[in-house]
Asker: 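Below you'll find the structure I mean.
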Amino acid sequence: MLKLSFELSEKVKKYLAESHDELIELIEDLCKIPAPSHHEEARAEFCKNWLEKNGAEGVYIDEALNVIYPIGCDGKDDIVVFLAHTDTVFPDTEPMPLWKDDEYIYSPGVGDDTARVALMFMLAKYIAKENLTPKCGFMVVANSCEEGLGNLKGIRQLMSDFEGRIKEVYSFDANYDTLYNKCVGSHRYQITLETEGGHSYAAFGNRNAIYAASDLVCKLYSCVVPKIGNSRTTYNVGHIEGGTSVNTIAQKATIFYEYRSDDINCLEQMRQFFEKTIDEAKSEAKAEITVETIGIRPCGGNVDEAKLTDMTATVKEICEKYTGLECNPRSASTDCNIPMSLGVPAVCVGNCISYGSHTREEKLLIASLKPGLEITADIMLRYFEN
C-alpha cells in the first residue's frame, strides 16, 4: 500500500456527489440478476457491458467468470488488484425480490456483495472516463465463486493466470467498521454412509445408515478444539440427509461437515482428528463410509508482515476518516485467503453498511453509500498519478 498523504480532489468529490442516483440504479440492476456460485454468467456479462459502456477498455471475462478490467498491466509485475465478488449464497435462478424505503434497499445479496461491486465500479468508471495513469499495474475485478462451495474459484483463477505478478490485493466485502487481515482456513467434506437396509420389521437388526451417521456426528462433536495463542477454531455439521420412509431401515445417509481455524497448525490438528475419527468409524463397520472433500480454503502464508501492517493501518485510517467509526481488524474467510496463502498481502475492506448477510431479509443502509464511495475512492485513487 502506498501510505502517502492523500486527499480527494474537489473534482473527485463532485463526481462522487453526482454519482449517488446512478449508484443506486446500478445496485438495483445487479440485484435483479441471479448469480449463484458457478452460475454468474448473466451478471458477469452485465458487468462487462456496463464497464465498456462507461469507457473501460480491454475488459474481458475469463474461464472462471471473473470480469477483469486491467489498466496498465501489460509487462508489469507489480499489479495491485481490487475486487468484489459477483456471486451470492442463494441458489435462485429467477430474479429475487427487491424493494426500498427511505432508509434501506432490501434484497437477498444486496450487501454481500452486490453493493460493493457497484461501489467499486463507480470508481472504475471515473478512472476510465478521466483516463487516469496508474503508478503500477492496476486491476479491477468482479470475481466469481467466493461464497460457500464456490470454493474461491474466481480468485484462484486470477492468482494462477497472473502468477508472480500480483503484489497486493484488496477485497471489498465487509461493513466499513470492520476490516479483515487474517485468514480463516476451512476444510469441508461430504461423508456418505451406506448399509444393506431393509424392511423395518422383516429385516430388523440390519445396519441402519442413519444410526451410523448419528453415531459419527456424536464422535465428531467430541472434539476438543485446539488453541494456539489467540487462535479460534470451530467445527460444524451443517446438513444431513438420508433414509427412505418411516418403515424402511435407511440404506444411505449423508453428512456435510466442516472445520475452520485462523491458525494453520490448528487447522492441521483438526484434519488429523477428523481422519482418525473416520478411520475409527470405518473399523466399527456400522456402515460403509466414503469421504469426499468438497472445499478447501487455506489459511494465510508467509507474507511480508511489514507491508500487510502498512496496508491494514492505511485502510483502517481511511475507513475511520470518513465514518467516524472505529474500524477493527479481524479474522475471516474471504477472497483474501488465496493471495495470502501464496504470500501476497491482502486486506478485506468494508465500504458500506448492510445487515442480514446470507438471509433473505438482507438490507443495505442507503446512507452508508456516501462514505462508502469516499472510502473506495480514497483507497483506489492512491495508486494513480495526480
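Nothing fancy with the numbering, it's 1 onward along the sequence.
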Asker: Hey, is Lys153 close enough to Asp87 for a salt bridge, meaning N to O under 4.0 Å?
Answerer: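 Result for this pair is no, no salt bridge flagged.
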Asker: Is there a donor-acceptor pair closer than 3.5 Å between any side-chain N or O of Asp101 and the backbone N or O of Glu103?
Answerer: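 Yes.
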Asker: Decide, yes or no, whether a salt bridge links Lys307 with Glu168 under the criterion of side-chain N to carboxylate O below 4.0 Å.
Answerer: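 A salt bridge is present here (some side-chain N lies under 4.0 Å from a carboxylate O).
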Asker: Salt bridge between Lys13 and Glu10, side-chain N to carboxylate O under 4.0 Å?
Answerer: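 Judged by the 4.0 Å cut-off on N to carboxylate O distance, Lys13 and Glu10 do form a salt bridge.
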Asker: Starting at CD of Glu374, measure out to CG of Leu119 and round the result to the nearest 0.5 Å.
Answerer: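 It is 11.0 Å, given to the nearest 0.5 Å.
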Asker: So, Asn151 side chain and Gly295 main chain: donor-acceptor pair closer than 3.5 Å or not?
Answerer: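 Absent.
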Asker: Strictly distance-based, threshold 3.5 Å: is any side-chain N or O of Glu362 a donor or acceptor partner for the main-chain N or O of Gly109?
Answerer: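 Checked: pair present.
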Asker: Does a donor on one side chain and an acceptor on the other come within less than 3.5 Å for Tyr355 and Asn175?
Answerer: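 No.
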Asker: In sequence, state the C-alpha distance, the side-chain angles, and the governing distance for Val237 and Tyr221, and then conclude on side chain to side chain contact (heavy atoms under 4.5 Å, CB included).
Answerer: CA-CA 9 Å; Val237 172; Tyr221 267 68; 3.7 Å; yes
Asker: Under the 3.5 angstrom rule, does the side chain of Arg188 hit a backbone N or O of Gly148 as a donor-acceptor pair?
Answerer: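 Between the backbone of Gly148 and the side chain of Arg188 there is a qualifying donor-acceptor contact (under 3.5 Å).
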Asker: To the closest 0.5 Å, what do you measure between CD1 (Ile105) and OG (Ser354)?
Answerer: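 Between Ile105 CD1 and Ser354 OG, I get 11.0 Å after rounding to 0.5 Å.
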Asker: Are more than 12 heavy atoms from other residues, nucleotides or ligands located less than 6.0 Å from atom NZ of Lys227?
Answerer: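 Yes, NZ of Lys227 has more than 12 neighbouring heavy atoms, counting only those of other groups under 6.0 Å.
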Asker: In the single-linkage hydrophobic clustering (I, L, V, M, F, W, Y; side-chain heavy atoms under 4.5 Å), do Phe46 and Leu65 co-cluster?
Answerer: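 Yes, same cluster.
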Asker: Would you say Tyr176 and Cys327 make side-chain contact, with heavy atoms under 4.5 Å?
Answerer: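 No - every pair of side-chain heavy atoms lies 4.5 Å or more apart.
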Asker: May I ask you to check whether Tyr257 and Phe274 place their ring centers less than 6.0 Å from one another?
Answerer: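 That pair passes the under 6.0 Å test.
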Asker: So, for Tyr189 and Thr293, which heavy atoms are closest and what is the spacing to 0.1 Å?
Answerer: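 The pair with the smallest heavy-atom distance is CE2-OG1, 3.5 Å.
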Asker: Does Ile366 reach the side chain of Asp102, with side-chain heavy atoms less than 4.5 Å apart?
Answerer: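 SC-SC contact between Ile366 and Asp102 ruled out.
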Asker: Is it the case that more than 12 heavy atoms not belonging to Asn328 sit under 6.0 Å from its CG atom?
Answerer: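 Enclosed: over 12 neighbouring heavy atoms sit under 6.0 Å from CG of Asn328.
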Asker: Indicate if Val141 and Leu132 have the same hydrophobic cluster label, given that clusters are the connected sets of ILVMFWY residues with side-chain heavy-atom separations under 4.5 angstrom.
Answerer: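 No; Leu132 is not reachable from Val141 via cluster members.
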Asker: Strictly below 4.0 Å, N to O, side chains only: are Lys219 and Glu284 in salt-bridge contact?
Answerer: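 Yes, Lys219 and Glu284 are salt-bridged.
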Asker: Is there a side-chain contact between Thr376 and Met122 (heavy atoms, below 4.5 Å)?
Answerer: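 They are not in contact (no side-chain heavy atoms under 4.5 Å apart), so the answer is no.
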Asker: For residues Ala281 and Ile289, report the shortest heavy-atom separation together with the two atoms involved.
Answerer: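 For Ala281 and Ile289, the tightest heavy-atom pair comes out as CB-CD1, 3.6 Å.
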Asker: What's the separation between atom OH in Tyr126 and atom CE in Met380, rounded to the nearest 0.5 Å?
Answerer: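 If we round to the nearest 0.5 Å, Tyr126:OH and Met380:CE are 12.5 Å apart.
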Asker: Do the side chain of Asp262 and the main chain of Cys299 share a donor and acceptor less than 3.5 angstrom apart?
Answerer: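 Answer holds: no.
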Asker: Restricting to non-hydrogen atoms, name the atom on Gln269 and the atom on Pro226 that form the minimum distance, rounded to 0.1 Å.
Answerer: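 Closest approach of Gln269 to Pro226: OE1-CB, 3.3 Å.
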Asker: In terms of heavy-atom contacts, does CD of Glu163 have more than 12 from other residues, nucleotides or ligands at under 6.0 Å?
Answerer: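 No, not enclosed.
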Asker: Any Lys/Arg nitrogen of Glu275 or Arg271 sitting under 4.0 Å from an Asp/Glu carboxylate oxygen of the other?
Answerer: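 Looking at Glu275 and Arg271, the cut-off is met.
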Asker: Around Glu63, counting heavy atoms of other residues, nucleotides and ligands shown, do more than 12 lie under 6.0 Å from its CD?
Answerer: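 No, CD of Glu63 has 12 or fewer neighbouring heavy atoms, counting only those of other groups under 6.0 Å.
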Asker: Have a look at Glu196 and tell me which of Lys286, Lys252, Arg207 forms a salt bridge (Lys or Arg N to Asp or Glu O under 4.0 Å) with it.
Answerer: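 Per the salt bridge (Lys or Arg N to Asp or Glu O under 4.0 Å) rule, the option paired with Glu196 is Arg207, out of Lys286, Lys252, Arg207.
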Asker: Do Leu149 and Phe256 have side-chain heavy atoms sitting under 4.5 Å apart?
Answerer: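 Of all side-chain heavy-atom pairs linking Phe256 with Leu149, none is under 4.5 Å.
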Asker: Short question: side chain of Ser107, backbone of Pro97 - any donor-acceptor pair under 3.5 Å?
Answerer: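 Here the side-chain-to-backbone pair exists.
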Asker: State the SG-CG distance between Cys336 and Asp173, to the nearest 0.5 angstrom.
Answerer: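 Cys336 SG to Asp173 CG: 8.5 Å, rounded to 0.5 Å.
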Asker: Angle class for the Tyr106/Trp99 ring planes (parallel below 30°, perpendicular above 60°, tilted otherwise)?
Answerer: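 Parallel: the ring planes of Tyr106 and Trp99 meet at under 30°.
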Asker: If you take all heavy atoms of Val117 and His85, which pair is closest and at what distance?
Answerer: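 Looks like CG2-O, 3.4 Å.
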Asker: Above 12 or not: heavy atoms from other molecules or residues under 6.0 Å from NZ of Lys370?
Answerer: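 Atom NZ in Lys370 is not packed in, count stays at 12 or less.
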Asker: Supply the atom-to-atom distance Ile264 CD1 to Ile228 CD1, rounded to the nearest 0.5 angstrom.
Answerer: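 The CD1 atom of Ile264 sits 10.5 Å away from the CD1 atom of Ile228.
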Asker: Indicate whether any N or O donor in one side chain lies under 3.5 Å from an N or O acceptor in the other, for Asn181 and Thr312.
Answerer: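 There is such a pair between these side chains.
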Asker: Taking the basic N atoms (NZ, or NE/NH1/NH2) and the acidic carboxylate oxygens, is any pair closer than 4.0 Å for Arg297 and Glu258?
Answerer: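 Looking at Glu258 together with Arg297, the answer is no, because their closest N to O distance does not fall below 4.0 Å.
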Asker: Does atom CZ (Phe204) have a neighbourhood of more than 12 heavy atoms from anything else shown, all under 6.0 Å?
Answerer: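 Atom CZ in Phe204 is not packed in, count stays at 12 or less.
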Asker: Determine yes or no for a side-chain-to-main-chain donor-acceptor pair under 3.5 angstrom, with Ser19 supplying the side chain and Glu22 the backbone.
Answerer: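 Not confirmed, Ser19 side chain does not pair with Glu22 backbone.
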Asker: For Thr88, which of Glu147, His358, Glu146, Arg43 qualifies under side chain to side chain contact (heavy atoms under 4.5 Å, CB included)?
Answerer: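 Looking at Glu147, His358, Glu146, Arg43, the match for Thr88 under the side chain to side chain contact (heavy atoms under 4.5 Å, CB included) is Arg43.
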Asker: Keeping the roles fixed (side chain from Asn337, backbone from Thr334), state whether a donor-acceptor pair exists under 3.5 Å.
Answerer: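 Pair found, side chain donor or acceptor close to backbone of Thr334.
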Asker: Answer yes or no: are there more than 12 heavy-atom neighbours, outside Lys321 itself, under 6.0 Å from its atom NZ?
Answerer: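 Yes, NZ of Lys321 has more than 12 neighbouring heavy atoms, counting only those of other groups under 6.0 Å.
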Asker: Should we count CG of Asn230 as having more than 12 external heavy atoms under 6.0 Å?
Answerer: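 No.
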Asker: Hey, are Ser231 and Asp263 close enough side-chain-wise for a donor-acceptor pair under 3.5 Å?
Answerer: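 Absent: no donor and acceptor within the cut-off.
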Asker: Looking at Ser160 and Arg156, would you say the former's side chain and the latter's main chain have a donor-acceptor pair under 3.5 Å?
Answerer: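 No; judged by distance alone, with no hydrogens or angles, the pair does not exist.
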Asker: Counting distance only, does the side-chain N/O of Ser261 pair as donor-acceptor with the main-chain N or O of Thr233 below 3.5 Å?
Answerer: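 Pair absent, no side-chain N/O of Ser261 close to backbone of Thr233.
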Asker: To the nearest 0.5 Å, how far apart are CD1 in Ile68 and SG in Cys47?
Answerer: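 Going from CD1 on Ile68 over to SG on Cys47, the span is 12.5 Å.
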Asker: Would you indicate whether the side-chain heavy atoms of Met139 and Cys73 approach each other to under 4.5 Å?
Answerer: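 Of all side-chain heavy-atom pairs linking Met139 with Cys73, at least one is under 4.5 Å.
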